[in-house]
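First the structure, in the form of structure tokens, and then the observations on it.
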Amino acid sequence: MIKRTLYFGNPAYLKTNNEQLVVEMPGTGETKSTPIEDIGLLILDNQQITITQALLSKLLANNTAVISCDDTHHPSGMLFNLDGNSLQSQKFQAQVEASVPLKKQLWQQTVMCKIENQAALLQHEREEYKLLLTYAKDVKSGDSENHEARAAAYYWKRIFPDFLQFRRERYGPPPNNLLNYGYAILRALVARSLTSSGLLPTLGVNSGHVDPLFWDVDPPRLRAI
């Protein structure tokens, strides 16, 4: 079952009752609810949202990722369940002690998959994509020749219309802001899966890779309860 993503951009009071997330809207008095077990990601994007500790506890027990945004709508933090696996401490230790060759191999696999996905999207959009498949095939351990960056430069020049003159930059003009927000959501979902497996999402396999989680964003409206 695909878990739901809930976005709250207006003032609200969030609490729990009978294993449900209950939403009370100030002013109107309107009340809605949804089963906590159906929620995979909760985004809090208003400074006048109140959430109870009881609800937070149940959300974390359900392995729901909770993202809090600041007053400029930027994701400023995440909450995850850190007690979801009986072998958690052993897995944490294994992560910390992972060898450099293992990390390089994992990064190689990650970059290869990323480039292959970029190629698949370009193919879907009827753009030239075969060079990316060559890059993916040639990725070495640790991506020592930086094929990720080469592929990215090729990909971004072709995925958007020419008139945008698009460049992928952390603080660049739109649609960079929308991409940044999308990265934040995707990273939260990946981190949620890692924590459910007893792993720490803060320990990566490539310390030199820039994490896009807190890049500037202007959020689009996701499905709200």
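FYI, side chains are in, hydrogens and waters are out, and symmetry mates aren't considered; it's all heavy atoms of this structure.
In this structure, Cys69 and Ile43 have side chains that are in contact, with non-hydrogen atoms separated by less than 4.5 Å. With a 4.5 Å cut-off on side-chain heavy atoms, Asn62 and Glu37 count as touching. Side-chain contact check for Leu42 versus Ile67: every heavy-atom pair is 4.5 Å or farther apart. Between Asp138 and His147 there is a side-chain heavy-atom pair separated by less than 4.5 Å. Side chains of Leu131 and Tyr154 form a contact here, defined as non-hydrogen atoms less than 4.5 Å apart. Counting only heavy atoms from C-beta outward, the side chains of Leu41 and Val66 never approach each other to under 4.5 Å. Proximity of Tyr135 to Leu133: side-chain heavy atoms (C-beta onward) are nowhere separated by under 4.5 Å. Contact of the Val22 side chain with the Thr31 side chain is registered, since non-hydrogen atoms from C-beta on lie closer than 4.5 Å.
There is a path of hydrophobic side-chain contacts, each under 4.5 Å, that joins Leu179 to Leu122. Note on Leu102: it clusters hydrophobically with Val205, by side-chain heavy-atom contacts below 4.5 Å among ILVMFWY residues. Under a hydrophobic clustering in which Ile, Leu, Val, Met, Phe, Trp and Tyr are joined whenever their side-chain heavy atoms come within less than 4.5 Å, directly or via other members, Ile115 and Leu186 fall into different clusters. Following chains of ILVMFWY side-chain contacts shorter than 4.5 Å, one cannot reach Leu6 starting from Tyr13, and the two form parts of different hydrophobic clusters.
Residues Gln48 and Asn46 share a closest heavy-atom pair of N-OD1, 2.8 Å. Contact between Pro11 and Pro26 at its shortest, heavy atoms only, is O-CD, 3.4 Å. Taking every heavy atom of both residues into account, Ile39 and Thr64 meet most closely at O-OG1, 2.8 Å. Taking all atoms of both residues into account, the shortest heavy-atom contact from Ala152 to Gln118 is CA-NE2, 4.2 Å. Across all their heavy atoms, Arg170 and Asn180 have their closest contact at O-ND2, 3.2 Å. Contact detail for Ala136 and Glu116: the closest heavy-atom pair is CB-CG, 3.8 Å.
For the pair Arg168 and Phe166, the NZ or CZ position fails the cation-pi test of under 6.0 Å to the six-membered ring centre and within 45 degrees of the ring normal.
Expressed to the nearest 0.5 Å, how far NZ of Lys3 lies from CG of Asn63 amounts to 8.5 Å. A distance of 9.5 Å separates NZ in Lys114 from OH in Tyr155, rounded to the nearest 0.5 Å. For the atom pair OG of Ser33 and CD of Glu19, the computed distance is 12.5 Å after rounding to the nearest 0.5 Å. A distance of 6.0 Å separates CG of Leu21 from CD1 of Ile36, quoted to the nearest 0.5 Å. Rounding to the nearest 0.5 Å gives a distance of 12.0 Å between CG of Asn117 and CE of Met112. How far CD of Gln20 is from NZ of Lys58: 9.5 Å, rounded to the nearest 0.5 Å.
Gln105 and Gln109 share no donor-acceptor pair across their side chains, judged by distance under 3.5 Å alone.
Residue Gln165 qualifies as open at atom CD: its count of foreign heavy atoms under 6.0 Å is 12 or below.
Not a single donor-acceptor pair under 3.5 Å links the side chain of Asn206 to the backbone N or O of Lys103. The closest donor-acceptor contact from the side chain of Asn176 to the backbone of Arg167 lies under 3.5 Å. Between the side chain of Ser57 and the backbone N or O of Gln53, no donor-acceptor pair lies under 3.5 Å. No donor-acceptor distance shorter than 3.5 angstrom exists from the side chain of Asp45 to the backbone of Gly9, with no hydrogens or angles considered. With hydrogens and angles disregarded, no donor-acceptor distance shorter than 3.5 Å links the side chain of Asp143 to the backbone of Gln108. Panel note: side chain Ser76, backbone Ser68; a donor-acceptor pair is recorded below 3.5 Å.
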>> Applying side-chain contact (heavy atoms from CB on, under 4.5 Å) to Glu127 and Tyr129, what does each step give before you reach the verdict?
In response: CA-CA 6 Å; Glu127 294 286 343; Tyr129 65 94; over 6 Å; no
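Between Glu128 and Arg158, none of the side-chain N atoms (NZ, or NE/NH1/NH2) sits under 4.0 Å from a carboxylate O, so this pair counts as no salt bridge.
Residues satisfying the side chain to side chain contact (heavy atoms under 4.5 Å, CB included) criterion with Leu203, sequence neighbours excluded, are Gln95, Val96, Leu200.
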